[in-house]
**Student:** 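For reference, the structure I am asking about is given below.
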Amino acid sequence: MLQEESDLALIIAQIVQKLKGSNLYAQLERQAWASLQRPEIKLESLKEDIKEFFKISGWEKKLQNAVYSELSVFPLPSHPAAPPEHLKEPLVYMRKAQGSWEKRILKSLNSMCTELSIPLARKRPVGEQKELLNKWNEMGTDEPDLSLFRPVYAPKDFLEVLINLRNPNYENGDSHSFRTHLGLIQVPLKVKDIPELKEFFVELGLTAGQLGIDDSTQVPPELFENEHVRIGQKVLSEQDSAAAQQYIRQGSPTALRAELWALILNISSQPEDILYYEQLKTNVIQHDLLVDSLIYKDVKLTASNDDYYFVFEDYLYQVLLCFSRDTSVLGHFAYNSASPPKSYIRGKLGLEEYAVFYPPNGVIPFHGFSMYVAPLCFLYHEPSKLYQIFREMYVRFFFRLHSISSHPSGIVSLCLLFETLLQTYLPQLFYHLREIGAQPLRISFKWMVRAFSGYLATDQLLLLWDRILGYNSLEILAGMKASKPKDIFTWKWTAYDKNKQTKTENWKQSEYRPYGNG
Amino acid sequence: MSRVSVPCHVKGTVALQVGDVRTSQGRPGVLVIDVTFPSVAPFELQEIMFKNYYTAFLTIRVRQHTSTHTPAKWVTCLRDYCLMPDPHSEEGAQEYVSLFKHQMLCDMGKVLELRLILRQPSPLWLSFTVEELQIYKQGPKDLGIWFQVSPTLPASGQYAFALQSPSMTFPKWLSHPVPCEQPAPLLEGLPDPSRVSSEVQQMWALTEMIRASHTSTRIGRFDVDGCYDLNLLSYT
């Protein structure tokens, strides 16, 4: 059909345009240039011979992986008349809600700035730069006075905003009718129902083997585990991103996980990437930002207190401080409903040539942000590779967990999906919790915002994140919340059943906390 | 082929409802919008574009100019086109939509008037309509040639052309970066001079192509001339 052909042409044109500016393009050119010296490349069939050479030498596969990566990350080109903000978020009222939420955050940061009389950014004096460079690998030993700093916001503040989200064109009557949602989220987004989820997550069905279940000691490894590991090694030797993404849906063997994730995210540590990381490190040393203190505070409050992640404290600083300076992250705001905060150079207010983004990557960290990085430290020990993996995970998945959008993997849809699933699986529990005023979403929201980091044992968390990569979707988090902690909820339910008179506050205090932080 | 916007006059929406609009409890589920073209002769419709606002199904009826003396009749050219797969949820509720003449049930050669019938069966929405309605007819046919004349690497503006002419074939420069010339058949003994020159020309073109392109990776500076001393954050 005419429309499909033109859509395909447009997608191809867009991907070519994006790849033209990448390192891979320069490398392919160099390879093509160098290959001209090879005897099998003949001038009369130049194009075909070079193509054949690329195929044999594995460069075609690299290009294929790059194209696959672009297709996974960037949304399909929308209607030509759609303005850029429509691509960020199609629903107008959600854009407005995100805008006012951002304004609140900016006001909070500005007031912190004026109250504490600390500039948003300052250039470090040379002595301080030298000192920081010397203790770059052990920033955790520093104990700066952070008592005056407070996180800009916590997940529970964000939840309040989501609860109050309303579509002005929707029948939001005061009286309860079939229109009001029983949970906290009151916007009618389309979420998958159980048959659709079963079809989407078909590899997680009972008839397919899973790592994390079918590799436990009672199950003989010949049944599933050995074959699965063998296939994993084959996938890695082929270096095929799409195959790796399909493979990882059933879990990844621990030994292969680091390479598999790097293959799926299309990360390879080139010298340019290491240089780029070093440049970011230089930026950290030269300029001191207010968000650095927020990052310090967050790491000290969350990861440092965690039994599993406190050993990685120094890595976390090295990754997060550099992340704040990385302007390439600004690219993801094209498909993120959020927008980066803007500021002007002192004395040049209103002049567009002196407008900058703050922080340089446009992302203001909130309470618990460092927990996105912590589990990755188990997989990658080289700082620049760890950094690249985290950055890619953030611009593909994690940004959706703290911005208001109608995307199926956005936090609003995930909350609605969780509430719908819980109502279907455990209707009595859901009803009872509502009656006593303890909405289940209030308890499980923070698990979801952190993608369960800090709330699950690390091996289980990494298996969960395998599925996020495999399905290129965060919906597994909502399913996870509804099914695994079902045990937690049902345990609490039976205990609670015995003292029905207990007030809501007691319920909240006795929340199940497997690891540390709230 | 490009398209040209046709100035149209969109009349106010009329709700179709059984019973008295004022006293009945429910909201109308059917709206009708008439579109006339007062200053334009009967034209061939190419594309209808609009922004949806919570309309679930769209039916379009057209009245065309007839050469005989029979009065022009209304004909349905699009029946129950689904804009929202689930009328109760937000999917597709505020999307931009284009409908082309090949999707219509009848020939759209001499359009006089259009009638859009909007349906929203779900009682959840307070109102529904379509916005930013634009009608296009076929434009002049010269823009296609522009593409093929310049074989050198295109600036980013060139691919924007593909956007506006959806029926254009795939741009040639993507699959043939170098202008292809057939080499002359080889003569006995000596290599054919025209063939050698064509091969050299191909080599030259390849070199030029490589030299012309350069990576556009951002340099990554976030400061302005080394200075990152900031005021407070701006709210606008």
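Worth saying up front: this structure is predicted, and the values here are computed from it rather than measured. Per chain, numbering begins at 1; letters A, B, ... match sequence-line order.
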**Student:** Please classify the contact between E353(A) and chain B as side chain, backbone, both or neither, with a heavy-atom cut-off of under 4.5 Å.
**Tutor:** backbone
**Student:** Less than 4.5 Å to any heavy atom of chain B: does that hold for the side chain of V191(A), its backbone, both, or neither?
**Tutor:**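 Contact with chain B: none, neither part.
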**Student:** How about E29(A) and W33(A): do any of their side-chain heavy atoms sit closer than 4.5 Å?
**Tutor:**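 Heavy-atom side-chain distance check fails, nothing below 4.5 Å.
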**Student:** What part of P90(A) lies closer than 4.5 angstrom to a heavy atom of chain B: side chain, backbone, both or neither?
**Tutor:** both
**Student:** Measure distances from D229(B) to the heavy atoms of chain A and classify the residue's part below 4.5 Å as side chain, backbone, both or neither.
**Tutor:** both
**Student:** Looking only at heavy atoms, which two atoms of D326(A) and S328(A) are closest? And how far apart?
**Tutor:** OD1-OG, 2.8 Å
**Student:** With chain B, which of P188(A), P359(A), A355(A), P168(A) has the greatest number of heavy-atom pairs at distances under 4.5 Å?
**Tutor:**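 Winner by heavy-atom pair count: P188(A).
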**Student:** Ignoring hydrogens and angles, state whether a donor on the side chain of Y387(A) or D273(A) is under 3.5 Å from an acceptor on the partner side chain.
**Tutor:**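 No donor-acceptor contact under 3.5 Å links the two side chains.
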**Student:** Which region of Y54(B), side chain (C-beta onward) or backbone (N, CA, C, O), has a non-hydrogen atom less than 4.5 Å from a non-hydrogen atom of chain A, or is it both or neither?
**Tutor:**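 Side chain only.
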**Student:** List in chain and number order the residues that pass side-chain contact (heavy atoms from CB on, under 4.5 Å) with P83(A), two or more places apart in sequence or in another chain; answer none if no residue qualifies.
**Tutor:**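 With neighbours one apart ignored, the set is E85(A), H86(A), Y96(B).
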**Student:** Would you mind checking which part of L109(A) comes under 4.5 Å of any heavy atom in chain B, side chain (CB onward), backbone (N, CA, C, O), both or neither?
**Tutor:** side chain
**Student:** Where does N361(A) contact chain B at under 4.5 Å (heavy atoms): side chain, backbone, both or neither?
**Tutor:** neither
**Student:** Considering only NZ, NE, NH1 and NH2 on the basic side and carboxylate oxygens on the acidic side, decide whether E352(A) and K342(A) come within less than 4.0 Å.
**Tutor:** yes
**Student:** Will you find, in the side chains of D193(A) and T420(A), an N or O donor that is under 3.5 Å from an N or O acceptor?
**Tutor:** no
**Student:** Using non-hydrogen atoms only, which part of L289(A) is less than 4.5 Å away from chain B: side chain, backbone, both, or neither?
**Tutor:** side chain
**Student:** For N169(A) and S127(B), indicate whether the former's side chain and the latter's backbone hold a donor-acceptor pair under 3.5 Å.
**Tutor:** yes
**Student:** If you round to the nearest 0.5 Å, how far is OH of Y81(B) from CZ of F57(B)?
**Tutor:**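 Here the rounded value is 12.5 Å.
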**Student:** At a heavy-atom distance under 4.5 Å, which candidate from A82(A), P341(A), S339(A) has the highest pair count against chain B?
**Tutor:**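 The candidate making the most pairs under 4.5 Å is A82(A).
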**Student:** When heavy-atom pairs shorter than 4.5 Å are enumerated against chain B, which of Q286(A), R30(A), K107(A) gives the highest number?
**Tutor:** K107(A)
**Student:** Only counting residues at least two apart or in another chain, list the ones meeting side-chain contact (heavy atoms from CB on, under 4.5 Å) with E278(A).
**Tutor:**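 Only K281(A) meet the side-chain contact (heavy atoms from CB on, under 4.5 Å) criterion with E278(A).
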**Student:** Measuring heavy-atom distances to chain B, does P408(A) have an atom under 4.5 Å in its side chain, in its backbone, in both, or in neither?
**Tutor:** neither
**Student:** Is it the side chain or the backbone of K190(A) that comes within 4.5 Å of chain B heavy atoms, both, or neither?
**Tutor:**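 Backbone plus side chain of K190(A), per the 4.5 Å heavy-atom cut-off to chain B.
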**Student:** Hydrogens and angles aside, do S98(B) and E47(B) bring a side-chain donor and acceptor to less than 3.5 Å of each other?
**Tutor:** yes
**Student:** For chain A, find which of E95(B), K51(B), E132(B) contributes the most heavy-atom pairs closer than 4.5 angstrom.
**Tutor:**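 Maximum pair count with chain A is reached by E95(B).
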**Student:** F357(A) versus chain B, heavy atoms under 4.5 Å apart: side chain, backbone, both or neither?
**Tutor:** backbone
